[in-house]
Amino acid sequence: MSTVDWKRSGDYEDIIYETAEGMAKITINRPERRNAFRPTTLSELQHAFTSARDDGEVGVVILTGAGTEAFCSGGDQKIRGDDGYIGPDGIGRLNVLDLQVQIRRLPKPVIAMVAGYAVGGGHVLHVCCDLTIAADNAMFGQTGPKVGSFDGGYGAWLLAETVGLKKAREIWYLCRFYNAEEALGMGLVNKVVPLEELEAETVQWCREMLDKSPLALRMLKGAINAVSDGAAGMQQFAGDATLLYYMSEEAQEGRDAFKEKRRPDFSRFPRRP
Ligand code: S0N
């Protein structure tokens with residue numbers, strides 16, 4: 001059992017948002033549907049991830065599912081219309097793609113804490129997280145070709161990057177499920193622990209990361225993702241480079257000179273080899 005005193009906030013219907021000790025924990029809370037997501041769930045998840053990003057106290061984010069049966073079973077097939085998942089406005093949406101991008105862009109580590117099933121679009125969500133800690137009852141897999149869907153984005157190529165091309169094809173083409181030890185063996189998860197130790201182990205990983213330099217973690221996440229995110233990844237990395245430059249006296253001289261209506265004097269800054 002974890003000894004964290006989580007503080008709950010936000011007015012959500014489908015998720016729970018909690019914070020403590022530099023961590024944010026976001027829980028998909030639809031256990032009666034194995035934590036399948038609908039448009040409302042995804043809008044709330046996006047809101048919660050934004051809160052975690054903007055909160056200067058938060059250094060790492062945990063994504064998990066309520067109960068012990070599932071992390072997330074993907075899109076809610078019971079409200080799947082002919083053009084996506086139907087929300088309260090009656091319009092079909094596929095807004096999980098925006099959430100996947102948001103997890104990749106969030107400049108803090110996101111760790112998936114998986115008990116039970118992580119399948120379909122729920123599996124893709126854990127693949128998009130930086131790290132995954134699995135309980136010994138966890139089951140992983142894609143179901144798209146069985147239920148009439150597929151994810152040709154991160155769900156395909158980020159999975160291939162994670163487990164290799166042949167294994168990714170097997171996972172998608174055959175739609176088998178894999179247990180936690182098999183997932184560990186293929187590099188799909190970082191650690192497997194007994195179910196009752198899942199949160200304590202995840203929190204321990206968070207605490208170790210919280211001890212480290214936040215800027216170094218931010219740059220490493222950006223660097224690792226930039227390779228596979230192409231121009232979008234470079235855009236993020238370029239933003240981080242600008243952030244670092246803004247923090248230098250050299251950049252501040254340019255700003256100060258403008259405000260003081262004088263010529264900037266960059267002569268004291270070295271032209272590094
Ligand atoms: C998770 C499974 C393996 C659990 O099996 P178990 O433990 O035997 O429980 P069940 O009795 O099957 O389920 C318990 C109750 O939960 C309901 N339920 C389970 N999963 C879902 C679901 N995904 N949607 C709606 N309801 C669900 C069950 O129906 C049952 O309730 P009752 O008894 O009342 O009927 C097993 O349940 C399972 O295999 N579930 C389906 C997994 C699945 O196929 N998910 C969908 C996969 N597709 C996607 O996720 C879409 C992909 C996607 O998100 C995407 C990708 C790219 C671009 C856009 C999108 C997008 O769609 O947005």
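More than 12 heavy-atom neighbours from other residues, nucleotides or ligands sit within 6.0 angstrom of CZ on Arg255. More than 12 heavy-atom neighbours from other residues, nucleotides or ligands sit within 6.0 angstrom of CD on Glu250. Around the CZ atom of Phe150, the shell of radius 6.0 Å holds no more than 12 heavy atoms that belong to other residues, nucleotides or ligands. Residue-environment remark: CD (Gln235) stays at or below the threshold of 12 foreign heavy atoms within 6.0 Å. Heavy-atom neighbours of Tyr246 OH from other residues, nucleotides or ligands within 6.0 Å: at or below the threshold of 12. For Glu249, the CD atom sits in a loose shell: 12 or fewer heavy atoms of surrounding residues, nucleotides or ligands are nearer than 6.0 Å. Heavy-atom neighbours of Arg268 CZ from other residues, nucleotides or ligands within 6.0 Å: above the threshold of 12.
Between Glu253 and Arg262 there is a salt bridge, with a side-chain nitrogen of the basic residue lying less than 4.0 Å from a carboxylate oxygen of the acidic one. Under the 4.0 Å criterion applied to side-chain N and carboxylate O atoms, Lys191 and Glu197 are not assigned as salt-bridge partners.
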For Thr40 and Arg30, run side-chain hydrogen bond (donor to acceptor under 3.5 Å, both in side chains): C-alpha distance rounded to whole Å, both residues' side-chain angles, the deciding distance at 0.1 Å, then the answer.
CA-CA 11 Å; Thr40 300; Arg30 304 187 76 218; over 6 Å; no

Evaluate Trp157 against Glu161 for side-chain hydrogen bond (donor to acceptor under 3.5 Å, both in side chains), listing each step before the verdict.
CA-CA 6 Å; Trp157 54 264; Glu161 203 171 90; over 6 Å; no

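Side-chain atoms of Asp5 never come within 3.5 Å of backbone atoms of Ala20 as a donor-acceptor pair (strictly under, hydrogens ignored). Judged by distance alone, the side chain of Ser248 and the main-chain N or O of Ala251 form a donor-acceptor pair under 3.5 Å. No side-chain donor-acceptor contact under 3.5 Å links Asn95 to the backbone of Leu42.
With sequence neighbours excluded, the residues that form a ring-ring contact (aromatic ring centres under 6.0 Å, His included) with Phe177 are Tyr117.
Rounding to the nearest 0.5 angstrom, the gap separating the CD atom in Glu170 from the CE atom in Met186 is 7.0 Å. For the atom pair CZ of Phe49 and CG of Asp98, the computed distance is 13.5 Å after rounding to the nearest 0.5 Å.
By the criterion of side-chain heavy atoms lying less than 4.5 angstrom apart, applied directly or through intervening Ile, Leu, Val, Met, Phe, Trp or Tyr residues, Leu45 is not grouped with Ile111; the two fall into different hydrophobic clusters.
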